[in-house]
Amino acid sequence: MSALQPQLDEIARRLRDAADAVNDSAELEELRVRFLGRSGEVTLVRRGIGALPPAERPDAGKLINDAVAQMEMVLDAASARIARGALDEELQRRIDVTFPAPDAALGSIHPVRRIIEEIAETFERLGFATVLGAEVEPSYYTFDALNIPADHPAREGFDSFFITPELLLRPHTSPMQIRTMQQHRPPVAILAPGRCYRRDAVDARHLFQFHQVEGLLVAEGINFGHLKGALAHLSRTLFGPDQRVRFRPSFFPFTEPSAEVDTTCPKCKGSGASCSMCGGSGWIEIGGAGMVHPNVLREVGYDPAEVSGWAFGVGVERIALARYEIDDIRRLIESEPDFLRQLQ
Ligand code: PHE
């Protein structure tokens, strides 16, 4: 047996001990260099071959090659052990599901929705119930029952989208007056918010789909003063405590007397001084109102001699334009989250 064998065995033993103790791949690489690298221990032994008698050289070369092959297996095994350890560690790492996550980006309440909720809340505090109705109505509820017979010119003004000769997209929320009164005996006090539709060309002040809030109070002894009080209260809740309301004589077939309702222009505070919001009048129109027409009360089986009532219908987008001082109604329906989010 060659004299090299014990020397190689001794190197292999030290390598095995060292490899068992190694814990990461950088240390393992150091070991590979120390034993098998260019000036590693085994390489030094190999260089000694030249000093041997020529006859012994081939055997010596083979011994060294075998030893190197074994040592490489030891190093590979250690490498595999380290990789497995890293994977185990990864698998055992616990995820803390209670760790606070960053806040999700939430949307904001649309200004139209916000105003509807404020109006509903204001009247709910006064004892009114909020009711919702369908957006498609028979012309009976939209017109006939509201004292607008088939040949009445007032129908023209409602610019309706008809679905069939008898069915239409409601052009106002007033059908809910009829539906409510037909289902309940007086007193009734309701608020009916919702979408309405009219054949209007879209521009800075008009949309073909918009929102109204209808109010209706019918009981014994209700008069115009109650209506004024309710709308003044509503204006102040929406715009601020100094708000005033103005009633201009008008005409609706379902109310008598009827009025257009104005509120102080929030931009110029009513002064009108070169105000682009109110066109210099100092007032902003927010809707129509009046005392419920006796024909309407009779239509639903109420006795006008016993009960009276008021009704109003306000335009929610109109209120939003004034309150947020927006000059173009279309901005409310264009999806601009950053713009809408700032309107509180
Ligand atoms: N419905 C009317 C409109 O849309 C408004 C209104 C409601 C008027 C209730 C009087 C009473 O123009």
Side-chain angles (χ1 to χ4, degrees), residues 1-117 195 202 207 209 320 324 326 328 330-344:
M1 194 178 102
S2 164
L4 280 180
Q5 189 65 59
Q7 199 185 343
L8 290 169
D9 285 349
E10 197 270 333
I11 294 175
R13 187 183 51 75
R14 279 192 289 110
L15 173 69
R16 214 174 290 119
D17 288 351
D20 280 349
V22 148
N23 278 319
D24 65 50
S25 46
E27 282 177 37
L28 189 65
E29 189 53 29
E30 263 173 45
L31 218 58
R32 188 186 299 275
V33 172
R34 176 139 62 87
F35 285 86
L36 302 177
R38 278 160 142 279
S39 33
E41 297 198 31
V42 179
T43 315
L44 294 181
V45 174
R46 197 191 290 279
R47 286 201 191 124
I49 291 179
L52 294 177
E56 292 180 18
R57 288 179 198 168
D59 280 350
K62 187 174 177 306
L63 275 185
I64 293 173
N65 287 347
D66 289 350
V68 167
Q70 292 236 337
M71 289 184 200
E72 273 172 351
M73 279 168 62
V74 169
L75 290 170
D76 287 349
S79 168
R81 175 174 55 78
I82 289 168
R84 223 175 16 252
L87 182 62
D88 283 350
E89 201 176 298
E90 182 91 355
L91 289 174
Q92 272 165 23
R93 192 176 300 148
R94 296 282 185 85
I95 293 171
D96 180 0
V97 293
T98 68
F99 193 80
D103 287 345
L106 293 179
S108 57
I109 307 283
H110 192 280
V112 164
R113 169 97 202 178
R114 188 178 294 278
I115 288 171
I116 289 173
E117 285 177 0
R195 284 189 200 99
V202 174
L207 297 174
Q209 184 203 59
Y324 302 116
I326 304 169
D328 192 326
R330 288 169 289 200
R331 298 204 73 183
L332 293 173
I333 57 162
E334 283 161 0
S335 291
E336 292 182 80
D338 292 340
F339 171 73
L340 294 173
R341 190 172 294 129
Q342 59 178 345
L343 308 179
Q344 300 299 316

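No hydrogens, no waters, no symmetry mates; every other heavy atom, side chains included, goes into these values.
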_Residue pair Glu72, Arg32: steps toward the salt bridge (Lys or Arg N to Asp or Glu O under 4.0 Å) verdict_ = CA-CA 8 Å; Glu72 273 172 351; Arg32 188 186 299 275; 5.0 Å; no
Roughly how far, to the nearest 0.5 Å, is the [atom2] atom of [Y] from the [atom1] atom of [X]?
X: Ser25; Y: Glu30; atom1: OG; atom2: CD; value: 11.0 Å
X: Arg195; Y: Leu207; atom1: CZ; atom2: CG; value: 12.5 Å
X: Ile82; Y: Leu28; atom1: CD1; atom2: CG; value: 4.5 Å
X: Leu4; Y: Ile64; atom1: CG; atom2: CD1; value: 5.5 Å
X: Asp88; Y: Arg93; atom1: CG; atom2: CZ; value: 12.0 Å
X: Thr43; Y: Glu41; atom1: OG1; atom2: CD; value: 9.5 Å

*Begin with the C-alpha distance, continue with both residues' side-chain angles, and end with the deciding distance and a verdict on salt bridge (Lys or Arg N to Asp or Glu O under 4.0 Å) for Asp328 and Arg331.*
CA-CA 6 Å; Asp328 192 326; Arg331 298 204 73 183; over 6 Å; no
_Is it the case that over 12 heavy atoms from other parts of the model lie below 6.0 angstrom from the CG atom of Asp96?_
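Yes, enclosed.
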_Please determine whether the number of non-hydrogen atoms from other residues, nucleotides or ligands lying under 6.0 Å from atom CD of Glu10 exceeds 12._
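Enclosed: over 12 neighbouring heavy atoms sit under 6.0 Å from CD of Glu10.
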_Measuring only between side-chain heavy atoms, which start at C-beta, is Asp24 closer than 4.5 Å to Glu29?_
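When only atoms from C-beta onward are counted, Glu29 and Asp24 do not touch, as no gap falls below 4.5 Å.
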*asked:* A side-chain contact here means heavy atoms from C-beta on lying under 4.5 Å apart; do Leu75 and Leu15 qualify?
replied: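 Yes, at least one pair of side-chain atoms sits under 4.5 Å.
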*Inspect the contact between Lys62 and Asp59 and indicate whether a charged nitrogen and a carboxylate oxygen are less than 4.0 angstrom apart.*
no
Do any N or O atoms from the side chain of [X] and from the backbone of [Y] form a donor-acceptor pair under 3.5 angstrom?
X: Arg114; Y: Ser108; answer: no
X: Gln342; Y: Phe339; answer: yes
X: Arg57; Y: Gly50; answer: yes
X: His110; Y: Arg341; answer: no

*Apply salt bridge (Lys or Arg N to Asp or Glu O under 4.0 Å) to the pair Arg13 and Asp17, showing each step before the final yes or no.*
CA-CA 6 Å; Arg13 187 183 51 75; Asp17 288 351; 3.7 Å; yes
